[in-house]
Amino acid sequence: MAELRGGNLGPYDLKGRVAVVTGGSNGIGAATARRLAEAGATVVVGYNEGAGRAATLVAELHGSGHLALRLPMADSAALKAAATEVAAKLGRCDVLVNSAGTTRAVPHADLEALDDDLIDRVLTINVRGPIATIRAFLPMLKASGDAIIINISSLAAVTGTGSSIIYGASKAAIDTIGLSLARVLGSSGIRVVSVSPSAVLTDFVPGRSRETVEKAALASPLRTLTEADDVALAVMSVVTHLRLTTGVAILVDGGKHL
């Protein structure tokens, strides 16, 4: 019989722990990096093309020892090399936040505009990339013995809405991947949770206006604009307090799903 661990875990202490945030130079990733650093974690701010933003953010983070590191979702070999660098420089990884992603607004009825290049890019960045990142950092997460993987997903995975059909499909895929991984990694002391916002006031969707995000917020029961730090706070609550939660998606949508 497997060994039973005791409960009454208390809040997850981030002091002395290392958190890796992909897509960490902007938007939800950057807000999450700030919150993790404030709570005492050493943070790896992952970026693809935003090297300058990542370096600026690292310099601003609370505490010391933080690292800006290129984590390109389309390059599995580079992700593995980055994990090796984290191991060499920081020695561990306890929290992995998969925040990197991509999309383009395409009307759902316009299948001609949903071209193969967009489909391939979204599935590579939003699905294959997080899997490759988890694979690269998994030895350190297992060595932690008390680790968590958080995938930034979307309400679109539940409702089939969002910026495009393929975007919602990619987030549904990452939720299913998280469900499967939660089942098989639990015995290694690793939790896996999706945090799923509705429309967030960032520049993530090219060309999406503030008016569009406000309109979506007005259609939700709470009628509250969702900003990047609201999602970061949800991530923090999953990391620090929802200690026995795994294999689920936490909606951050103002009740939009109702």
Side-chain angles (χ1 to χ4, degrees), residues 2-24 29 32-46 58 61-71 73 76 78-100 129-153 174 177-195 232-250:
E3 181 182 352
L4 183 65
R5 296 191 296 171
N8 288 327
L9 299 176
Y12 187 90
D13 189 358
L14 282 162
K15 294 182 179 66
R17 299 187 189 264
V18 172
V20 175
V21 183
T22 74
T32 299
R34 290 189 183 96
R35 287 289 181 179
L36 288 164
E38 287 172 4
T42 300
V43 180
V44 177
V45 177
V58 163
L61 292 179
H62 178 81
S64 60
H66 309 297
L67 180 67
L69 188 62
R70 188 164 183 261
L71 293 169
M73 293 295 101
S76 296
L79 292 170
K80 187 174 181 179
T84 299
E85 185 172 347
V86 171
K89 291 183 175 179
L90 300 177
R92 62 189 300 153
C93 176
D94 307 278
V95 178
L96 174 61
V97 181
N98 279 311
S99 184
I131 294 174
T133 304
I134 293 167
R135 187 170 57 216
F137 284 90
L138 190 57
M140 282 186 282
L141 292 164
K142 286 184 174 180
S144 169
D146 189 7
I148 181 166
I149 299 165
I150 294 182
N151 297 315
I152 302 301
S153 184
I174 207 65
I177 290 163
L179 176 64
S180 297
L181 287 177
R183 186 179 296 116
V184 299
L185 296 180
S187 61
S188 298
I190 301 172
R191 294 181 287 135
V192 187
V193 177
S194 290
V195 171
L233 282 174
V235 171
M236 290 302 296
S237 64
V238 172
V239 171
T240 62
H241 283 69
L242 299 183
R243 300 294 305 277
L244 294 182
T245 298
T246 192
V248 299
I250 305 294

Exercise for review: Please lay out, stage by stage, how Glu85 and Leu69 fare under the test side-chain contact (heavy atoms from CB on, under 4.5 Å).
Suggested key: CA-CA 9 Å; Glu85 185 172 347; Leu69 188 62; 3.2 Å; yes

Exercise for review: Could you go through the side-chain contact (heavy atoms from CB on, under 4.5 Å) check for Thr133 and Val20 one step at a time?
Suggested key: CA-CA 10 Å; Thr133 304; Val20 175; 5.7 Å; no

Point to revise | Residue pair His66, Thr42: steps toward the side-chain contact (heavy atoms from CB on, under 4.5 Å) verdict | key: CA-CA 5 Å; His66 309 297; Thr42 300; 4.3 Å; yes

Exercise for review: Apply the test side-chain contact (heavy atoms from CB on, under 4.5 Å) to residues Leu185 and Ile149: give CA-CA distance (whole Å), side-chain angles for both, the deciding distance (0.1 Å), then the verdict.
Suggested key: CA-CA 10 Å; Leu185 296 180; Ile149 299 165; 4.2 Å; yes

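Proximity of Leu79 to Met73: side-chain heavy atoms (C-beta onward) are separated by under 4.5 Å at one or more points. Looking at heavy atoms from C-beta onward, Val235 lies in side-chain contact with Ile152 at the 4.5 angstrom threshold. Counting only heavy atoms from C-beta outward, the side chains of Val239 and Val97 never approach each other to under 4.5 Å. Val193 places a side-chain heavy atom less than 4.5 Å from the side chain of Ile250.
The shortest non-hydrogen separation linking Ser153 to Ser194 is CB-CB, 4.0 Å. Across all their heavy atoms, Val45 and Ala33 have their closest contact at CG2-CB, 4.2 Å. Taking all atoms of both residues into account, the shortest heavy-atom contact from Ala19 to Ala41 is CB-CB, 4.3 Å. The heavy-atom pair separating Ala234 from Val195 by the smallest distance is CB-CG1, 4.1 Å. Minimum heavy-atom separation, Thr245 to Arg191: O-CD, 3.4 Å.
To the nearest 0.5 angstrom, Leu61 atom CG is 11.0 Å from Leu67 atom CG. To the nearest 0.5 Å, atoms CG (Asn151) and CD1 (Ile174) are separated by 4.5 Å. Atom CG of Leu36 sits about 12.5 Å away from atom NE2 of His62, to the nearest 0.5 Å. Atom CG in Asp94 sits 4.5 Å away from atom OH in Tyr12 (nearest 0.5 Å). From Ile190, atom CD1 reaches atom NZ of Lys142 across 6.5 Å, with rounding to the nearest 0.5 Å. In this structure, Ile131 CD1 and Leu181 CG are separated by 7.5 Å, a value rounded to the nearest 0.5 Å.
In this structure a side-chain-to-backbone donor-acceptor pair under 3.5 Å is missing from Arg135 to Ser76. Looking at Thr84, its side chain does come within 3.5 Å of a backbone N or O of Lys80 through a donor-acceptor pair. Judged by distance alone, the side chain of Thr22 and the main-chain N or O of Ser99 form a donor-acceptor pair under 3.5 Å. The backbone N or O of Arg17 lies less than 3.5 Å from no partner atom in the side chain of Arg92, so there is not a single donor-acceptor pair.
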